[in-house]
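Structure first, commentary second.
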Number of protein chains: 2
Amino acid sequence: MRHRLLTRAELSTETGISKPTAGESVRRLTEAGLVVDTGRRTPGGRGRGRVGSYYSLAPDVGTALAVSVAPEGVVAECVDAYGNLVARVEEPVGRPARPDDVATALGRAVDRVRELVEARQEADFAGDRGDRGDRGELGPAGRLRLDAWPRLAVVSAADPVDRHTGRLLQLPDAPFLLGEIDPVAVLAGRVAGTVLVDNDVNWAAEAERAAAPMDDFAFVYLDEGLGCAIVSDGEVRRGHRGVAGEVAHLVTVGPGGRAMPLIEVFGLLGLRHGRSTAIDVDRLLEERPPEVVTAVGGLVAALATLIDPEVVVIGGRWGTPLSDVIAEEVSRSPRPVPVRAASVKNEPSLAGARAQALDMLRALIVGR
Amino acid sequence: MRHRLLTRAELSTETGISKPTAGESVRRLTEAGLVVDTGRRTPGGRGRGRVGSYYSLAPDVGTALAVSVAPEGVVAECVDAYGNLVARVEEPVGRPARPDDVATALGRAVDRVRELVEARQEADFAGDRGDRGDRGELGPAGRLRLDAWPRLAVVSAADPVDRHTGRLLQLPDAPFLLGEIDPVAVLAGRVAGTVLVDNDVNWAAEAERAAAPMDDFAFVYLDEGLGCAIVSDGEVRRGHRGVAGEVAHLVTVGPGGRAMPLIEVFGLLGLRHGRSTAIDVDRLLEERPPEVVTAVGGLVAALATLIDPEVVVIGGRWGTPLSDVIAEEVSRSPRPVPVRAASVKNEPSLAGARAQALDMLRALIVGR
DNA sequence: CATTCTAGTCAGGGCTCTTGCCTAGAAGGG
DNA sequence: CCCTTCTAGGCAAGAGCCCTGACTAGAATG
């Protein structure tokens with residue numbers, strides 16, 4: 001998976017397994033249909049010895065789906081076992097997002113991804129036939145009609161997710177952006193295997209961890225919704241129901257030193273959108289009220305005492321630009337903790353979901 | 001380890017390994033000195049077949065130490081691989097506990113445990129010789145002079161512990177009961193292998209988990225000091241430095257709805273001992289001020305939002321009796337979470353440390 | 001005293017791995 | 001131009017650990 005193309009001798013040195021065993025393993029894997037002789041041979045130019053045969057994963061080991069579901073719309077990506085992006089579809093949703101619209105967009109995005117994958121396989125098939133035909137070397141792989149269905153899906157949703165059912169959860173006093181949709185039900189008929197759903201913030205934290213490996217940190221996401229992911233001992237910890245880090249209701253320091261839930265601070269400051277429960281990010285960024293910084297400082301302090309993170313990473317549309325001020329606020333507290341802005345800027349949740357999808361696909365291919 | 005005494009045939013059915021292989025394994029284990037033929041034979045009375053030979057762990061696989069270090073004093077226990085208590089010593093410390101006194105008590109307790117273990121081995125040795133002599137069957141095990149040194153130690157300390165060094169840490173605004181002692185240094189010359197030190201609350205949570213298996217819960221310990229252990233996905237999570245759950249400084253709801261650190265509430269209510277930073281438990285239990293219940297409610301609410309526990313377990317000298325009132329307070333909050341009193345009443349921290357010591361000893365014996 | 005039952009052993013064989021050596025086939029130098 | 005050198009890959013033999021099935025040892029029972 002890491003090298004894409006290897007001879008048996010290379011596999012032997014790479015893995016430390018002896019040559020005969022590596023050769024025999026490749027034979028068994030080929031027989032099982034997991035590995036194919038690509039027909040390619042080692043170039044004469046490299047070294048002088050005998051030419052080797054390049055093997056690779058069979059083209060039909062399958063693909064995985066990574067999907068991001070947010071109020072703006074749905075993004076669905078299909079990756080293969082090498083981590084290549086095979087297809088990508090963006091499906092916008094009109095604002096305000098109604099649950100039904102989101103669910104349909106999700107279904108449509110995945111359907112369109114499958115069409116793209118099919119088209120691409122068709123093209124590869126034709127190309128393969130052409131190539132091989134020229135060299136008179138049509139491998140068995142070229143003859144297969146491939147299955148375009150992803151073997152699994154990993155979904156990132158911009159709302160709390162029930163760990164066991166995969167359904168989105170409305171928590172009291174928390175913004176609920178997408179509504180009661182059930183991604184597992186929507187994808188059940190569109191994916192061959194598991195559908196894993198989790199909160200976008202948890203996936204973003206996963207991406208952050210991949211970018212800068214850390215065992216213990218907290219990822220605070222400050223956008224229209226408020227979220228937080230907790231990574232302990234190298235894993236995202238989701239809690240019993242899966243709603244660990246749903247910080248909207250955490251008691252913090254409000255205006256005038258009063259104790260109040262974090263989300264209430266925004267209400268008091270008139271920073272919540274009139275009709276929905278979401279935060280008015282544009283206005284917040286204009287006004288940058290110090291009360292908000294103090295309140296977030298309280299959240300970070302609570303994380304520091306309860307989780308003891310190495311660092312608190314701040315992301316989100318208003319969290320990232322305010323991270324400096326928050327860091328300063330926290331540095332003045334009696335238990336300071338390093339605070340920094342998120343390092344993954346581009347679609348962090350999707351990146352995390354994609355990495356997870358790739359991991360799971362590889363495990364599925366390798367595992368028993 | 002679970003059965004103490006088994007024949008090769010029993011080992012075979014118990015493990016699912018075939019009889020010849022089980023027999024061969026026992027031969028290898030005996031050769032390696034891990035297992036011995038006890039000389040005992042299956043009683044004629046049970047079944048009719050041929051008599052079998054009972055094998056057991058070799059008597060020299062070693063023991064492990066579990067130690068609890070608290071302001072009242074030190075308790076040291078020695079357990080064998082079966083989980084038997086081999087020796088126990090209690091070493092009181094005069095109050096107020098001075099760091100030097102605690103360190104000496106720790107060393108003395110461990111020394112006395114070793115003396116007890118040695119005495120007991122001497123007795124066993126004599127007994128063995130007597131028994132076997134009568135039956136003319138002196139096994140090779142009886143001849144060994146055993147090593148009384150524990151192979152590892154697990155220490156529970158009533159203060160925050162640095163995860164990497166094992167030293168006790170003074171955190172700002174938190175009670176510091178034992179002082180800057182370094183259990184690893186004290187035990188280095190008294191234990192053959194690893195010395196693992198952790199906070200008493202974490203060990204108590206471990207004991208709680210053993211009593212009622214739960215994957216995600218928080219354990220709040222309310223005594224002279226304030227502590228909290230966080231169990232996520234079946235493991236105690238210690239955080240980066242190891243001070244996760246040091247809640248004394250957590251911002252909560254103080255008198256008059258003001259946001260303030262938890263420990264400050266006790267200061268305002270005059271519930272801290274004059275000279276030390278510890279809480280005056282007796283007075284607290286007399287007065288049972290509602291402000292304390294509200295403040296603890298804030299702590300539980302913070303745990304509920306950040307950790308999403310299945311239940312919050314409350315222990316400690318004043319936490320246990322107040323757990324009902326706290327549960328009621330929490331049930332009125334917008335995010336209620338089940339709250340109950342701790343179920344392990346008897347030396348919970350030592351019980352947790354003992355279980356860990358046993359686990360590690362067994363891993364040491366089995367592992368490579 | 002033959003039968004029955006259990007503990008333990010023996011023989012043979014399978015699977016997967018190893019090492020050591022051999023063959024195939026290309027490149028390069030005298 | 002041929003021989004040497006080098007790499008890919010295959011073959012043979014054997015180690016290690018496991019299995020199944022059949023056998024032996026030795027006690028209790030009727």
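Letters A, B, ... are given to chains in the order of the sequence lines, protein chains preceding strands, and every chain is numbered from 1.
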(request) Check whether any side-chain N or O of B/Ser53 sits under 4.0 Å from OP1 or OP2 of C/dA7, and answer yes or no. (result)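 No, because none of the side-chain N or O atoms of B/Ser53 sits under 4.0 Å from OP1 or OP2 of C/dA7.
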
(request) Can you spot which of B/Arg163, B/Arg238, B/Gln356 makes a side-chain hydrogen bond (donor to acceptor under 3.5 Å, both in side chains) with B/Asp198? (result)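 Only one option passes, and that is B/Arg238.
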
Between [atom2] of [N] and [atom1] of [X], the distance in whole Å:
X: B/Leu6; N: C/dT6; atom1: CG; atom2: P; value: 17 Å
X: A/Glu10; N: D/dA8; atom1: CD; atom2: P; value: 7 Å
X: B/Arg8; N: D/dA25; atom1: CZ; atom2: P; value: 15 Å
X: B/Leu11; N: C/dT6; atom1: CG; atom2: C1'; value: 15 Å
X: A/Arg40; N: D/dA8; atom1: CZ; atom2: C1'; value: 18 Å
X: A/Leu29; N: C/dT16; atom1: CG; atom2: P; value: 12 Å

(message) Can you tell me which residue among B/Thr38, B/Val36, B/Val35 is in a side chain to side chain contact (heavy atoms under 4.5 Å, CB included) with B/Tyr55?
(response)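 With B/Tyr55 as partner, B/Thr38, B/Val36, B/Val35 yield a single side chain to side chain contact (heavy atoms under 4.5 Å, CB included), made by B/Val35.
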
(request) Calculate, to the nearest 0.5 Å, the distance between atoms CD and CD1 belonging to B/Glu24 and B/Ile17 respectively. (result)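 Here the interatomic distance stands at 12.0 Å.
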
(request) Give one of base, sugar-phosphate or nothing for B/Gly52, where a contact means two heavy atoms less than 4.0 Å apart. (result)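 Sugar-phosphate only.
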
(request) Any chance you could list the contact pattern along nucleotides 11-24 of chain D? Use B for base contacts, S for sugar-phosphate-only contacts and - for none, protein heavy atoms under 4.0 Å, 5' to 3'. (result) B------SBBB---

(message) Using the side chain to side chain donor-acceptor pair (under 3.5 Å) criterion, which residues pair with A/Arg50? Sequence neighbours excluded.
(response)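 Scan of A/Arg50 (side chain to side chain donor-acceptor pair (under 3.5 Å), adjacent residues dropped) gives none.
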
(request) List for me each residue that meets side-chain contact (heavy atoms from CB on, under 4.5 Å) alongside A/Glu235, sequence neighbours excluded, and say none if there are none. (result)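 Per chain and number, A/Glu235 pairs via side-chain contact (heavy atoms from CB on, under 4.5 Å) with A/Arg237.
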
(message) Check this for me, if you would: do A/Arg209 and A/Glu206 make a salt bridge, where the nitrogen-to-carboxylate-oxygen distance has to be below 4.0 angstrom?
(response)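 Yes, charged N to carboxylate O under 4.0 Å.
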
